[in-house]
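Each remark here refers to the structure printed beneath this line.
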Amino acid sequence: MALEITDSNFEEVVLKSDKPVLIDFWAEWCGPCRMVGPLVDEIANEYEGKAVVGKVNVDNNPDISVRFGIRNIPALLFFKNGEIVDKQIGAVPKSVLVEKLDKQLS
């Protein structure tokens, strides 16, 4: 299961992580988000110990969303060493997300 990332734990969990991080920006009212959500949870389980995988509910955590200019969801941001290194906007197959995450692990 993906971690719940909030305005209060974002810096600790994402920016200070020594592992690559995948964050899914989503909302309950977003149809495509409901398609991507289960894929993100699967990736979280498969990459446990290798990467940090989390979700940010944009309605409950506006500070992070504004900070990174999230205007369309689902938005998936990939971080390494506290910096955004890749992103994916919109619903895509799991293989696309895994490929992007694998790039950060190599």
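Bear in mind that the values here come from a model prediction, so they are computed numbers and not experimental data. This chain uses plain numbering: 1 for the first residue, then up along the sequence.
Pairing each heavy atom of Ile70 with each of Ala75, the nearest pair is CD1-CB, 4.0 Å. The shortest heavy-atom contact between Cys33 and Pro74 is SG-N, 3.6 Å. Here the closest heavy-atom approach between residue Lys19 and residue Gly49 is recorded as CE-O, 3.0 Å.
Other residues sharing a hydrophobic cluster with Leu22 under the 4.5 Å side-chain heavy-atom criterion for ILVMFWY residues are Val36, Val40, Ile43, Tyr47, Val53, Leu76, Phe78, Val85, Val92, Val96, Leu97, Val98, Leu101, Leu105.
For residues 82-93, the set of pairs meeting the side chain to side chain donor-acceptor pair (under 3.5 Å) definition, not counting sequence neighbours, comprises Asp86-Lys100. For residues 32-56, the pairs satisfying salt bridge (Lys or Arg N to Asp or Glu O under 4.0 Å) are Asp41-Lys55, Glu42-Lys94, Glu46-Lys94, with sequence neighbours left out.
Side-chain contact check for Pro62 versus Asp7: some heavy-atom pair is nearer than 4.5 Å. When side chains are defined from C-beta on, Asp24 does not count as touching Leu77, because their heavy atoms never get closer than 4.5 Å.
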Determine, stepwise, if the pair Ile5 / Ile23 fulfils side-chain contact (heavy atoms from CB on, under 4.5 Å).
CA-CA 8 Å; Ile5 308 292; Ile23 302 294; 3.8 Å; yes
Under the side-chain contact (heavy atoms from CB on, under 4.5 Å) criterion, do Phe25 and Ser65 qualify, and how do the steps go?
CA-CA 8 Å; Phe25 288 82; Ser65 305; 4.1 Å; yes
Start with the C-alpha distance between Trp26 and Val58, add both sets of side-chain angles, then the distance that settles side-chain contact (heavy atoms from CB on, under 4.5 Å), and finish with yes or no.
CA-CA 6 Å; Trp26 70 286; Val58 296; over 6 Å; no
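A donor-acceptor pair under 3.5 Å links the side-chain atoms of Lys80 to the main chain of Gln104, judged by distance alone. Looking at Asn72, its side chain never comes within 3.5 Å of a backbone N or O of Gly90 through a donor-acceptor pair. One N or O on the side chain of Asn9 and one on the backbone of Thr6 form a donor-acceptor pair closer than 3.5 Å. A donor-acceptor pair under 3.5 Å is absent between the side-chain atoms of Ser17 and the main chain of Val14, judged by distance alone.
For the atom pair CG (Asn57) and CD (Glu28), the distance works out to 6.0 Å, reported to the nearest 0.5 Å.
Between Phe79 and Phe10, the ring-plane angle classifies as perpendicular under the 30° and 60° cut-offs.
Both Val56 and Leu15 are part of a single hydrophobic cluster, where members link through side-chain heavy atoms under 4.5 Å apart.
Counting non-hydrogen atoms of neighbouring residues, nucleotides and ligands closer than 6.0 angstrom, the CE atom of Met35 exceeds 12 such neighbours.
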